[in-house]
Amino acid sequence: MSQTTDAATPAPGASLTHRQILTILSGLLLGMFLAALDQMIVASAMKTIADQLHGQTLQAWATTAYLITATITTPLYGKLSDIYGRKPMYLAAISLFLAGSLLSGIATSMYELAAFRAVQGLGAGGLMSLAFAIMADIISPRERSKYSAYFMAVFGSASVLGPVIGGVFAGMNTFLGVTGWRWVFLVNVPIALLALFVVARVLNIPHQRVNHRIDFGGAISLTVGLVPLLIVAEQGREWGWASATSIIMYVIGVVGLVAFVWVENRMGDEALLPIRLFRNQTFALGNTINFVLGIGMFGGMVSIPLYLQIVKGVSPTTAGLMLLPMTFGIMSATAISGKITSSTGRYKIFPIIGAGLMAIALFLFSTIGTDTPNWQTMIYMFIMGAGLGQCMQTLLLAIQNDSEPRDMGVATASATFFRQIGGTVGTAVFLSILFSTVGDKIADGIKTALQTDAFRAALGRNPEFAKMLQGGGGSGVDINNTEFLKNLDPVLAKPFLDGFSGAIDLVFMTGGIVMVAAFVLVWFLREKPLSTKSGLERVADAEAVAIH
């Protein structure tokens, strides 16, 4: 074997050198950069996209469709990679993400965009979870935290570049003959092609094929269980939470989830999520916390850009740059907690502090209003980021550390799976809370403003806008496109801005309460000493014992 191959391909059961690890990480980091960049670009540009596709109140579909498919495919990727190997599944994930990006770039309505984002999600489900599973294969839990700096550098770069790139494209009418916001998705194409090339070249780690049945029944029943519940979370405000349609969705969802548990119990070790794993306290409680964390995390992440762009009136680019304190909080907290974990082997304190900081940040966000200075909001963002940085990686580390090597793929995928389920639920429910309350808050604000001379005088100077309000208390104004607020007299705009701000505050308050639950739960997490052996080394040790 040549020297070059030795550097790139680890021997089975051997401890990898730093150079070998970095060679493999180069491929993983490109895939993770692709997923992280997309999330940040889309978040900062979604308001503009929704306005141009005339679907501001429908934007949750584009977000939840992506999260639904990413969530459902995450455990499938984990299981399939345990069977067929990490590399082919990682290449498949990148390819699906590439196809979804191309399709999203040609969408002509919010419903089309939602469908194409769902294709993107099919690939995204494997990008994050498989990268962390491969890390667990090649790096011991005790050493893994040291390499988290590379991942945080990727997330940090994506967090800085994503909002800026997304804001720039969203602010352009056209670029190279294509509508500006479409490049939010099309920019993924060259990155995905580069990722495909690099991963195909460098991701060479030993894999021993295990012949298993693929749990398609589990995947189908999970889909039947989750999709109706998420649809009613999004549409319940229009259908009515106790309407016949909503009740049908509840029933189908519950039946699907019951069927999923039944199928998984029958499948045993072949299951998508083996039931025996839930007998492990770290696995069961860690993923419960991940679920709750996902609700709180995504509730904040989707609300902050909306507040900045609608209430504060900043451009998508400026909104993206204003999110930098959160990025700095995530990176610094992850680096510090990772270094301490690597040197001491202790980690439980970090998700405790992190969940507490996230709860505090969300409660602080619930106090912001139309006139809150931006510097104050950015301080709250840093606190939120510092909390996130101490939770995500540490909870994953705890679950991986207490899992058997044969389950590493599905155990790693489960952490992403439950966090994404929480995120999907959080996004659907919180946006539903926002858009089901904002109309009434605007209407109340207008009724109050109509009692003032200043508002009536401004209304007299804007007869066209006055006609829009004749529907009664603001019901004649279409909030699917909020662009009209930019050129509206500040006196007339005030009730709308206050209405959006009040509705968003309610979302933050709800998220804060959710994070209090996470803070309580994390105290019950058991801290098991971190292993000093990688997944490949543990597999080799187990085989050696079996031989003797």
Show me the donor-acceptor pairs, under 3.5 Å and distance only, between side chains in residues 162-169 and residues at least two apart or in other chains.
none

Shortest non-hydrogen contact from [X] to [Y]?
X      : Y      : value
Met381 : Ile304 : CE-CG2, 3.7 Å
Met322 : Pro325 : O-CD, 3.1 Å
Leu130 : Arg86  : CD1-O, 4.4 Å
Ala131 : Leu28  : O-CD1, 3.7 Å
Ser332 : Phe382 : OG-CE1, 4.2 Å
Gly105 : Leu186 : CA-CD2, 4.0 Å

Under 3.5 Å, is there a donor-acceptor pair between the side chain of [X] and the main chain of [Y]?
X      : Y      : answer
Tyr90  : Ile134 : no
Glu264 : Pro274 : no
Gln390 : Ala386 : yes
Lys87  : Ala200 : yes

Out of curiosity, [X] [atom1] to [Y] [atom2], how far, rounded to the nearest 0.5 Å?
X      : Y      : atom1 : atom2 : value
Tyr347 : Leu395 : OH    : CG    : 10.0 Å
Met384 : Thr377 : CE    : OG1   : 13.5 Å
Ser95  : Leu193 : OG    : CG    : 9.0 Å
Tyr380 : Met326 : OH    : CE    : 13.5 Å
Asn287 : Phe417 : CG    : CZ    : 9.0 Å
Leu25  : Leu29  : CG    : CG    : 5.5 Å

| Inter- and intrachain pairs under salt bridge (charged side-chain N to carboxylate O under 4.0 Å, His left out), touching residues 177-191, at least two apart |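 Found none.
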| query | Is there any salt bridge (charged side-chain N to carboxylate O under 4.0 Å, His left out) pair reaching into residues 97-126, and which pairs are they, with sequence neighbours excluded? | reply |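 Output for this query lists Asp38-Arg117.
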| In chain order, what residues pass the side chain to side chain contact (heavy atoms under 4.5 Å, CB included) check against Leu122, with sequence neighbours excluded? |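 Testing Leu122 for side chain to side chain contact (heavy atoms under 4.5 Å, CB included), a comparison that skips the adjacent residues, returns Thr69, Thr73, Leu96.
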| message | Once side chain to side chain contact (heavy atoms under 4.5 Å, CB included) is applied, do any residues pair with Ala114, and if so which ones, sequence neighbours excluded? | response |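 Applying side chain to side chain contact (heavy atoms under 4.5 Å, CB included) to Ala114 gives Trp61, Ala65.
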| task | Apply side-chain contact (heavy atoms from CB on, under 4.5 Å) to Phe185 and Leu113, showing your working. | result | CA-CA 11 Å; Phe185 303 103; Leu113 181 62; 3.7 Å; yes
Would you call [X] and [Y] a side-chain contact if the rule is heavy atoms closer than 4.5 Å?
X      : Y      : value
Leu127 : Leu34  : yes
Leu273 : Ser414 : yes
Asn188 : Leu98  : no
Asn290 : Ile421 : no
Met515 : Met297 : no

| field | side-chain contact (heavy atoms from CB on, under 4.5 Å) assessment of Ile295 paired with Phe430 | value | CA-CA 9 Å; Ile295 296 176; Phe430 288 157; 3.9 Å; yes
| Of the options Thr394, Leu397, Ile336, Thr334, which is the one that meets Phe350 in a side chain to side chain contact (heavy atoms under 4.5 Å, CB included)? |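 For Phe350, the side chain to side chain contact (heavy atoms under 4.5 Å, CB included) test succeeds with only one of Thr394, Leu397, Ile336, Thr334, which is Thr394.
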Pairs under 3.5 angstrom only: tabulate donor-acceptor contacts from the side chains of residues 221-232 to other protein residues two or more places apart or in another chain.
| from | atom 1 | to | atom 2 | distance (Å) |
| --- | --- | --- | --- | --- |
| Ser221 | OG | Gly217 | O | 3.0 |
| Ser221 | OG | Gly218 | O | 3.1 |
| Thr223 | OG1 | Ala219 | O | 2.8 |

| said: Set out, in order, the CA-CA distance, both residues' side-chain angles and the distance that settles side-chain contact (heavy atoms from CB on, under 4.5 Å) for Val199 and Leu30, then state yes or no. | reply: CA-CA 8 Å; Val199 169; Leu30 265 174; 5.7 Å; no
